[in-house]
Amino acid sequence: MAHGHTVKRYSGLMDWLTTVDHKKIGILYLIAGGLFFLIGGLEAILIRLQLWKPLNDFVSPDTYNELLTMHGTTMIFLAAMPLLFALMNAIVPLQIGARDVAFPFVNALGFWTFFFGGLLLNISWFTGGAPDAGWTSYVPLATNTYSQNHGVDYYVLGLQIAGIGTLVGGINFLVTIINMRAPGMSFMRMPMFTWTAFITSALILFAFPALTVGLVALMFDRLFSANFFEVSNGGNAVLWEHIFWIFGHPEVYILILPAFGIISEVISTFSRKRLFGYSSMVFATVLIGFLGFMVWAHHMFTVGLGPIANALFSIATMLIAVPTGIKIFNWLFTMWGGSIKFTAANLFAVGFVPTFVMGGVTGVMLAAAPADFQYHDSYFVVAHFHYVIVGGLVLGIFSGLHYWWPKMFGRMLSEGLGKLTFWTFFIGFHLTFFVQHFLGLLGMPRRIYTYQDGLDFNLMNLISTVGALLMGIGTIIFLINIVVTAVKPKNAAADPWEDGRTLEWAIPSPAPEYNFLQTPLVRGYDALWKEKMDGNKGMTPAEPIGPIHMPSPSILPFVMSLGLFITGFGLMYSHYIIAGAGLLITFGCMFLRSIFDDHGFHIEPEELKDKGVKA
Amino acid sequence: MKRLLPLLAMMSLLLSACGREDLSTLNPQGPVAEQQFGLMKLSISIMVLVVVVVFAIAIYVLIRFRRRPGDNKIPEQVEGNHKLEIIWTVIPLVLLVILGVPTIQTVFGLAKDYSNDENAIQIKVTSHQYWWEFEYPDFGVKTAQEMIIPSNTIISIEAKTADVIHSFWIPALAGKIDTNPGGNVNRMYFEANKPGVYYGKCAELCGPSHAYMDFKVKAVDEASFKRWVTAMKSPVDMPADPAIAEKFINECLTCHAIGDKGGQLYPNLTGMGDRVAVAGFLMNTDDAKYANEGTVYENLKRWITDPQEVKPGNHMPKVKLTEQEIDAISKYLSEQKLDY
């Protein structure tokens with residue numbers, strides 16, 4: 001078991017640029033996703049400031065369209081997805097008893113492509129205009145004829161690069177969860193969060209290629225005068241809508257399923273009870289994932305697909321309510337008879353349940369196609385999807401962050417500030433979006449830069465703006481909490497909530513580089529809880545202490561992604577030499593990666609002993 | 001369940017007659033919007049029921065099973081309960097059937113094609129950045145921004161766009177339909193129960209002036225509608241001052257039509273004097289309260305003086321006219337009233 005070669009270990013900034021450790025990549029995702037979340041949030045605040053009174057001229061109509069486009073695009077692709085990836089990276093390998101993900105190098109590549117894609121997209125603000133055709137980027141509005149600046153080019157190129165990151169990340173998690181589970185961790189013993197990460201990764205695998213195809217086609221239309229969507233030359237505008245929503249609807253479930261997983265973990269832990277109806281939860285998750293691909297045209301009821309398509313997609317959409325309902329009641333009955341502790345993490349989880357139900361029921365209302373003719377593209381829809389995405393996903397992420405923070409950083413977030421974050425954010429959220437249902441029903445279309453006075457829209461828009469500011473304050477309190485926590489001593493226990501049920505709580509906080517000193521033997525669902533109940537101190541090891549194989553750090557993922565970033569720029573401004581140089585960097589890195597074998601290195605048992613690790 | 005029924009009935013009452021008669025989907029003024037509202041009421045009632053049940057269970061559980069200080073007992077670890085799980089699978093399915101059947105009926109009902117119905121009024125809607133063109137092929141009339149219809153008559157719409165995708169929506173009368181490019185024509189129909197002016201909105205992001213892309217539907221009685229058609233086709237006098245008339249013909253009528261004169265590329269100006277709004281968004285009133293209101297003369301003047309200020313990104317340039325000429329043309333147009 002000799003070292004293949006001596007491995008250079010970096011420190012400081014280079015450590016972060018070269019890391020292939022899933023825990024550090026998780027933190028990178030958290031920082032980058034958090035940053036984009038703040039940018040997207042700022043855009044939302046500006047939108048609400050523009051709308052606080054009728055006929056306001058706080059921003060110009062062009063800027064407003066850029067804001068609404070970038071708010072949506074940033075929140076979905078650059079904030080929500082990476083924040084979920086942050087939690088998946090930080091926790092999933094720990095939950096299945098693995099030492100790392102299946103492809104650590106690819107994992108780093110996924111992060112850096114996402115990061116550079118997001119960066120490219122946001123640079124558009126400073127280079128003559130951000131994309132302004134909505135996050136859906138419907139053609140012909142997004143074609144050269146109607147969108148002449150480079151905004152939409154940034155959209156197609158930035159999202160393609162970021163999309164690579166998401167796709168490889170999804171594949172990585174699929175392989176990891178299938179292959180790297182600890183002995184005894186059968187599929188039906190996997191924690192719920194891991195299950196949802198698994199299904200989400202499968203959805204990514206099938207949904208993201210559709211988006212990429214659409215983006216490539218739109219890029220060819222814009223950069224090389226192709227005619228996929230150019231109606232005057234035989235292209236088809238409705239085709240884009242189909243491609244976009246075949247990706248776009250599964251995307252909603254890609255986002256929400258991991259949040260379901262987080263909620264399942266948090267509620268179960270803080271009720272001191274096993275998740276009620278675990279197998280039906282798994283089944284419901286799979287079913288939601290499957291049905292998620294069957295319903296995309298409910299975003300297109302008003303496109304004129306005809307009554308047969310509308311009827312079929314109405315019914316298919318309504319069916320999703322059934323597995324979702326199963327989940328809601330299973331959560332309620334997990335708490336039933338339990339011993340519920342209201343930590344900040346659990347407040348977010350408990351707040352999630354009724355909020356998500358409200359978003360879900362408006363979803364069923366929207367599924368009724370003829371009624372949707374009235375709701376479609378009105379503020380009712382805005383209210384609906386914010387209930388699902390903010391009330392569902394963001395509350396889920398907050399819950400997960402408060403819950404797993406000690407495992408990621410070794411420090412407990414302040415409970416007091418956490419609860420304050422919850423109440424300001426939660427109340428702000430409902431203030432912002434509850435009234436928007438009624439704005440839509442009273443006739444206010446979405447994506448409008450301003451509205452007439454005297455149409456009964458004023459008061460509700462004002463309430464909505466106040467709510468948005470309150471959400472902003474909640475987010476700031478969370479940031480303060482992070483700073484306050486960062487200066488506290490790093491002393492979180494392995495199982496700081498004392499009610500931990502799953503494997504991640506069996507190892508120290510934060511997890512050591514190699515996660516598990518000895519791979520654990522899993523003897524049942526809620527592996528750690530089972531050992532606790534059987535009176536054992538920790539997990540039973542499945543192997544003796546021995547040298548631990550580790551992947552080597554590498555700068556290549558960073559440089560490869562940088563190459564793509566340069567290519568994006570070159571293509572956009574028709575500097576094909578620059579584009580070629582960028583591609584050369586990327587392919588050069590791939591070449592280097594292919595010809596130099598890197599077998600990683602081993603941490604020897606002697607090194608391990610000094611650290612005094614309990615496993 | 002029985003106790004909840006009066007609650008639902010009350011809520012339905014609360015919902016109906018909510019919002020403005022000319023704008024709200026909750027205050028429908030025609031059979032199509034009424035059908036859609038019926039479906040909305042049904043779905044809202046079912047969904048309120050669901051929400052109430054979930055909230056009730058949640059509140060009960062959270063209070064009853066909260067951890068008291070010093071409580072260290074380990075609750076019973078329940079795996080699940082088949083009976084319960086079947087109940088909360090079957091009940092939603094039943095609720096969905098209750099909602100699904102009328103949904104499908106309405107989907108097919110509202111897809112009815114009136115394009116060959118002699119009793120229906122055929123109107124071709126063409127959307128432009130940022131205005132609406134309404135053509136009445138059976139009457140040989142074309143107008144813009146204000147659709148005049150007879151009440152209690154089926155209006156059969158054929159919708160398409162001249163540029164990007166827009167969406168044609170009259171909340172109080174009917175749900176929306178997208179206007180697609182490239183010969184991908186959509187049809188819908190609606191009907192107004194009584195005369196009145198109804199707000200129309202563009203519901204699909206179409207560019208910087210998407211917010212301003214309003215139109216109006218003006219329902220009048222049968223006889224008025226006939227008089228309007230005749231008036232639209234009658235010749236119109238040019239401005240009395242020959243210098244202004246020349247300017248008007250050379251600067252305005254190259255794009256716009258009035259009566260039987262002028263080009264058809266941009267909104268028709270016939271009868272500007274008694275339109276509800278100028279450019280869709282500047283509301284005409286003698287008693288202006290808000291920034292987007294003024295007399296028709298003031299609004300026309302504001303529009304012609306700087307069209308880009310009113311509707312950024314629209315195709316009308318700042319026409320080379322002196323202030324006096326703008327005054328005169330605005331005055332002339334504001335006096336263009338149709339007798340109907």
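Remember, it's a predicted structure, so these values are computed and weren't measured experimentally. Chain letters run A, B, ... following the sequence lines, proteins first, then strands; residues in each count from 1. What you see below is based on every heavy atom in this structure, not just the backbone, and it leaves out hydrogens, waters and symmetry mates.
- For chain B, the option among A/Thr334, A/Val357, A/Val303 with the highest count of heavy-atom pairs below 4.5 Å is A/Val303.
- Listed options B/Ser209, B/Ala174, B/Gly313 were ranked by heavy-atom pairs under 4.5 angstrom with chain A; first place goes to B/Ala174.
- Side-chain atoms of B/Val310 and B/Arg302, non-hydrogen and from C-beta on, do get closer than 4.5 Å to each other.
- Both the backbone and the side chain of B/Pro181 come within less than 4.5 Å of a heavy atom of chain A.
- Looking at A/Gln452 and B/Asp214, their side chains do bring a donor and an acceptor atom within 3.5 Å of each other.
- Heavy atoms closer than 4.5 Å to chain A are found in both the backbone and the side chain of B/Asp71.
- In terms of heavy atoms, A/Tyr64 sits closest to A/Leu51 at OH-CD1, 3.4 Å.
- For B/Leu110, the part lying under 4.5 angstrom from a heavy atom of chain A is the side chain only.
- Using a 4.5 Å cut-off between heavy atoms, A/Ser271 contacts chain B through its backbone alone, with no side-chain atom that close.
- The choice from B/Leu39, B/Val90, B/Leu96 that makes the most heavy-atom pairs within less than 4.5 Å of chain A is B/Leu96.
- Within the 4.5 Å cutoff, the side chain of A/Tyr379 has no heavy atoms near those of the A/Met460 side chain.
- Looking at B/Met188, neither its backbone nor its side chain comes within 4.5 Å of chain A, counting heavy atoms on both sides.
- Listed options A/Tyr138, A/Trp331, A/Tyr451, A/Trp529 were ranked by heavy-atom pairs under 4.5 angstrom with chain B; first place goes to A/Trp529.
- Heavy-atom distances place no part of B/Gln35 under 4.5 Å from chain A, backbone and side chain included.
- Each of B/Glu76, B/Lys201, B/Glu79 has some count of heavy-atom pairs under 4.5 Å with chain A, and the biggest count is that of B/Glu79.
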For a ring-ring contact (aromatic ring centres under 6.0 Å, His included) check, start with the C-alpha distance between A/Phe373 and B/Trp169, then their side-chain angles and the critical distance, and finish with the verdict. CA-CA 9 Å; A/Phe373 294 165; B/Trp169 185 27; over 10 Å; no
With salt bridge (Lys or Arg N to Asp or Glu O under 4.0 Å) as the criterion, how do A/Asp499 and B/Arg67 come out once you've worked through the C-alpha distance, each side chain's angles and the decisive distance to 0.1 Å? CA-CA 13 Å; A/Asp499 290 325; B/Arg67 192 178 301 176; 3.1 Å; yes
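- When each of A/Asn310, A/Thr450, A/Leu275 is checked for heavy-atom pairs under 4.5 Å with chain B, A/Thr450 comes out on top.
- Proximity to chain B is absent for every atom of A/Ala142, based on heavy atoms less than 4.5 angstrom apart.
- In this structure, chain B has no heavy atom under 4.5 Å from any part of A/Met300.
- What you find for A/Arg501 and B/Gln77 is that their closest heavy atoms are NH2-OE1, 2.6 Å.
- With a threshold of 4.5 angstrom between heavy atoms, A/Phe342 approaches chain B through side-chain atoms but not through N, CA, C or O.
- Dense packing is recorded around OH of B/Tyr290, with more than 12 heavy atoms of other residues, nucleotides or ligands lying under 6.0 Å away.
- Under the 6.0 Å cut-off for aromatic ring centres, B/Phe168 and B/Phe215 qualify, their centroids lying closer than that.
- Both the backbone and the side chain of A/Leu442 come within less than 4.5 Å of a heavy atom in chain B.
- Counting heavy atoms from C-beta outward, B/Pro28 and B/Gln36 have side chains that stay 4.5 Å or more apart.
- Between chain A and the options B/Leu84, B/Leu99, B/Leu95, B/Asp163, heavy-atom pairs under 4.5 Å are most frequent for B/Asp163.
- Summarising the geometry of A/Tyr449 relative to A/Gln50, their closest heavy-atom pair is O-NE2, 3.0 Å, with the distance given to 0.1 Å.
- Aromatic ring centres of A/Phe276 and A/Trp336: separated by at least 6.0 Å.
- At a 4.5 Å heavy-atom cutoff, the contact between B/Ala111 and chain A is made by side-chain atoms alone.
- When each of B/Val78, B/Asp22, B/Thr161 is checked for heavy-atom pairs under 4.5 Å with chain A, B/Val78 comes out on top.
- Using a 4.5 Å cut-off between heavy atoms, A/Phe380 does not touch chain B at all.
- Contact count against chain A (heavy-atom pairs under 4.5 Å) is highest for B/Asn292 among B/Asn292, B/Thr89, B/Asn81.
- Nearest approach of A/Ala371 to B/Met40, heavy atoms of both residues: CB-CG, 3.7 Å.
- Among A/Ala368, A/Pro370, A/Pro323, A/Pro61, the residue with the largest count of heavy-atom pairs under 4.5 Å with chain B is A/Pro370.
- At a 4.5 Å heavy-atom cutoff, the contact between A/Val364 and chain B is made by backbone and side-chain atoms alike.
- Heavy atoms of A/Glu498 lying under 4.5 Å from chain B are absent altogether.
- For B/Lys289, the NZ atom sits in a loose shell: 12 or fewer heavy atoms of surrounding residues, nucleotides or ligands are nearer than 6.0 Å.
- Residue contact with chain A, scored on non-hydrogen atoms closer than 4.5 Å, is absent for B/Asp113.
- At a 4.5 Å heavy-atom cutoff, the contact between A/Ile315 and chain B is made by side-chain atoms alone.
- Each of A/Val139, A/Val152, A/Leu141 was evaluated against A/Ser147; a single residue qualifies, A/Val152, per the side-chain contact (heavy atoms from CB on, under 4.5 Å) test.
- Aromatic ring pairs are classed by plane angle as parallel below 30°, tilted from 30° to 60° and perpendicular above 60°; the pair A/Tyr525 and A/Tyr278 is tilted.
- Most heavy-atom pairs under 4.5 Å with chain B: of the set A/Thr143, A/Asp62, A/Asn65, A/Ile308, this distinction falls to A/Asn65.
- Comparing A/Asp526, A/Asn236, A/Val231, A/Leu455 by how many heavy-atom pairs each has under 4.5 Å with chain B, the most go to A/Leu455.
- If you measure heavy-atom distances from A/Phe270 to chain B, the contacts under 4.5 Å come from the backbone alone.
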